[in-house]
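Computation of the quantities below employed the complete heavy-atom set of this structure, encompassing side-chain atoms and omitting hydrogens, waters and symmetry-equivalent molecules.
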Amino acid sequence: NGPRACALDLRIEIAIGAALPVLELGLGAYRSFHGVIVYPDAFLAPREELDEAGVMHIGHEEVAGESWEAGPILLSWADVEASRAIEHGYHVVIHECAHKLDLGDGEMNGVPDLSGCGISTAEWQAVMTDAWEEMHDEEEAYGEAPIDDYALHSPAEFFAVLSEHFFTIPEHLEAILPAAFALLRRFYRLEAVAEAL
């Protein structure tokens, strides 16, 4: 159980999480995936934000993971380990890999490359917009949504968080957002797998 065994465990844990989203899509779906950098714990990522007055704010934000366009995935090992408690729907590796899939069409905007899955962009946007609005309504009405509220930061985060839930707590996702669940099942091409089980 020395450092080499720990490093092997880390690589296996990350590889399993990264493999789940592309089981049926194939590794070609990760064409914007260029390596993994692992930090021991949460780390600081650079941030730039333009406010309403046109002033650029430059700083850092503590994060558990990040996907860089045309670059690596960065992960906190502490959060990779925390992902083992999948009953909460949290899985940092799946989340960051979903961002890589989102970049498949050239933009991180919550719409991945849909070629070959039989889903049109219009259908994707209609289903995801309805799900997004439903979760916002739940948060407004009850003070929280039945999914990780980080999903409500942007359409890109919504897709990544729904992907985490899809692979870790699918029954919960299907119960609260059945249309989005069905769409993700088609996107990840797992309909045939589910029917075979």
Side-chain angles (χ1 to χ4, degrees), residues 14 17-18 21 29-80 82-83 88-114 121-166 168 173 176-177 179-180 183-184 187:
I14 292 169
Y30 282 148
R31 56 189 163 274
S32 68
F33 197 135
H34 299 286
V36 177
I37 298 172
V38 181
Y39 293 90
D41 214 327
F43 53 94
L44 295 177
R47 292 288 183 263
E48 292 183 1
E49 186 176 341
L50 191 64
D51 69 18
E52 293 171 4
V55 176
M56 180 64 74
H57 299 270
I58 300 172
H60 291 83
E61 178 185 9
E62 188 174 83
V63 296
E66 191 155 278
S67 286
W68 287 357
E69 190 174 337
I73 286 177
L74 292 81
L75 299 167
S76 150
W77 175 239
D79 285 273
V80 172
S83 297
H88 304 298
Y90 177 72
H91 202 290
V92 68
V93 179
I94 292 171
H95 184 101
E96 298 308 329
C97 287
H99 282 318
K100 286 296 184 186
L101 295 175
D102 191 355
L103 284 165
D105 68 349
E107 269 187 89
M108 193 181 298
N109 58 3
V111 183
D113 178 3
L114 298 171
T121 302
E123 181 187 5
W124 181 275
Q125 289 177 329
V127 171
M128 287 301 194
T129 299
D130 286 349
W132 167 275
E133 289 172 357
E134 186 178 335
M135 291 300 98
H136 270 283
D137 291 347
E138 292 259 347
E139 185 184 48
E140 199 169 287
Y142 304 109
E144 63 180 8
I147 60 170
D148 181 352
D149 64 359
Y150 188 66
L152 303 178
H153 279 68
S154 70
E157 297 302 346
F158 193 68
F159 169 59
V161 169
L162 289 193
S163 293
E164 289 178 80
H165 286 33
F166 179 80
T168 60
L173 182 61
I176 62 167
L177 292 171
L183 190 75
L184 288 173
F187 169 71

**Student:** Can you sort out the partners of Glu139 under salt bridge (charged side-chain N to carboxylate O under 4.0 Å, His left out), two or more places apart, ordered by chain and number?
**Tutor:** none
**Student:** Can you list everything that forms a ring-ring contact (aromatic ring centres under 6.0 Å, His included) with His165? Sequence neighbours excluded, please.
**Tutor:**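 Listed in chain order: nothing, the list is empty.
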**Student:** What residues form a side chain to side chain contact (heavy atoms under 4.5 Å, CB included) with Ala131, not counting sequence neighbours?
**Tutor:**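 Checked Ala131 against side chain to side chain contact (heavy atoms under 4.5 Å, CB included); matches are Phe158, Leu177, Ala180.
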**Student:** Apply side chain to side chain contact (heavy atoms under 4.5 Å, CB included) to Glu140 and list each qualifying residue two or more places apart in sequence or on a separate chain.
**Tutor:**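 Checked Glu140 against side chain to side chain contact (heavy atoms under 4.5 Å, CB included); zero matches.
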**Student:** Which atoms form the tightest heavy-atom contact between Ala42 and Ser76, and what is the distance?
**Tutor:**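 Smallest heavy-atom distance, with atoms named: N-OG, 3.4 Å.
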**Student:** Report all side-chain donor-acceptor pairs from residues 98-113 shorter than 3.5 Å, counting only partners two or more places apart or in another chain.
**Tutor:**
{"residue": "His99", "atom": "NE2", "partner": "His95", "partner atom": "NE2", "Å": "3.2"}
{"residue": "His99", "atom": "NE2", "partner": "Glu157", "partner atom": "OE1", "Å": "3.1"}
{"residue": "Lys100", "atom": "NZ", "partner": "Ser32", "partner atom": "O", "Å": "2.8"}
{"residue": "Lys100", "atom": "NZ", "partner": "Trp68", "partner atom": "O", "Å": "2.6"}
{"residue": "Lys100", "atom": "NZ", "partner": "Gly71", "partner atom": "O", "Å": "2.7"}
{"residue": "Asp102", "atom": "OD1", "partner": "Asn109", "partner atom": "N", "Å": "3.2"}
{"residue": "Asp102", "atom": "OD1", "partner": "Gly110", "partner atom": "N", "Å": "3.1"}
{"residue": "Asp102", "atom": "OD1", "partner": "Val111", "partner atom": "N", "Å": "3.3"}
{"residue": "Asp102", "atom": "OD2", "partner": "Asn109", "partner atom": "N", "Å": "3.3"}
{"residue": "Asp102", "atom": "OD2", "partner": "Gly110", "partner atom": "N", "Å": "2.8"}
{"residue": "Asp105", "atom": "OD1", "partner": "Glu107", "partner atom": "N", "Å": "3.2"}
{"residue": "Asn109", "atom": "OD1", "partner": "Val111", "partner atom": "N", "Å": "2.9"}
{"residue": "Asp113", "atom": "OD1", "partner": "Ser115", "partner atom": "N", "Å": "3.0"}
{"residue": "Asp113", "atom": "OD1", "partner": "Ser115", "partner atom": "OG", "Å": "2.8"}
{"residue": "Asp113", "atom": "OD2", "partner": "Arg31", "partner atom": "NH2", "Å": "2.5"}
{"residue": "Asp113", "atom": "OD2", "partner": "Ser115", "partner atom": "OG", "Å": "3.3"}

**Student:** How would you list, by chain and number, every residue that makes a side chain to side chain contact (heavy atoms under 4.5 Å, CB included) with Ala179, sequence neighbours excluded?
**Tutor:**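 In terms of side chain to side chain contact (heavy atoms under 4.5 Å, CB included), with neighbours along the sequence ignored, Ala179 is linked to Val127.
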**Student:** Is the closest side-chain heavy-atom distance between Glu123 and Leu114 below 4.5 Å?
**Tutor:** no
**Student:** So, do Phe187 and Phe166 sit near enough that their side-chain heavy atoms are less than 4.5 Å apart?
**Tutor:**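 Heavy-atom side-chain distance check fails, nothing below 4.5 Å.
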**Student:** Would you please name every residue forming a salt bridge (charged side-chain N to carboxylate O under 4.0 Å, His left out) with Asp148, sequence neighbours left out?
**Tutor:**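 Here no residue qualifies.
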**Student:** Looking only at atom types and distance, does a side-chain atom of Glu66 sit under 3.5 Å from a main-chain N or O of Leu74, one as donor and one as acceptor?
**Tutor:**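 Absent.
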**Student:** Quick one: list whatever passes side chain to side chain donor-acceptor pair (under 3.5 Å) with Asp51, sequence neighbours left out.
**Tutor:**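 Per chain and number, Asp51 pairs via side chain to side chain donor-acceptor pair (under 3.5 Å) with His57.
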**Student:** Sequence neighbours excluded, which residues qualify as side chain to side chain contact (heavy atoms under 4.5 Å, CB included) partners of Pro155?
**Tutor:**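 Trp132.
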**Student:** Less than 4.5 Å apart, any side-chain heavy atom of Leu184 and any of Leu173?
**Tutor:**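 Yes - at least one pair of side-chain heavy atoms lies under 4.5 Å apart.
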**Student:** If you define the side chain from C-beta out and look only at heavy atoms, does anything of Leu183 sit under 4.5 Å from Trp124?
**Tutor:**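 The answer is yes, as the side chains (C-beta and beyond) meet within the 4.5 Å cut-off.
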**Student:** Are side-chain heavy atoms of Leu152 and His136 found at a separation under 4.5 Å?
**Tutor:**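 Counting from C-beta outward, Leu152 and His136 do come under 4.5 Å.
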**Student:** Of the non-hydrogen atoms in Pro21 and Gly17, which two are nearest, and what is the gap between them?
**Tutor:**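 The pair with the smallest heavy-atom distance is CD-O, 3.2 Å.
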**Student:** Taking all heavy atoms of Ile58 and all of Glu48, pick out the closest pair and write down the distance.
**Tutor:**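 Result for this residue pair: CG1-CG, 4.0 Å.
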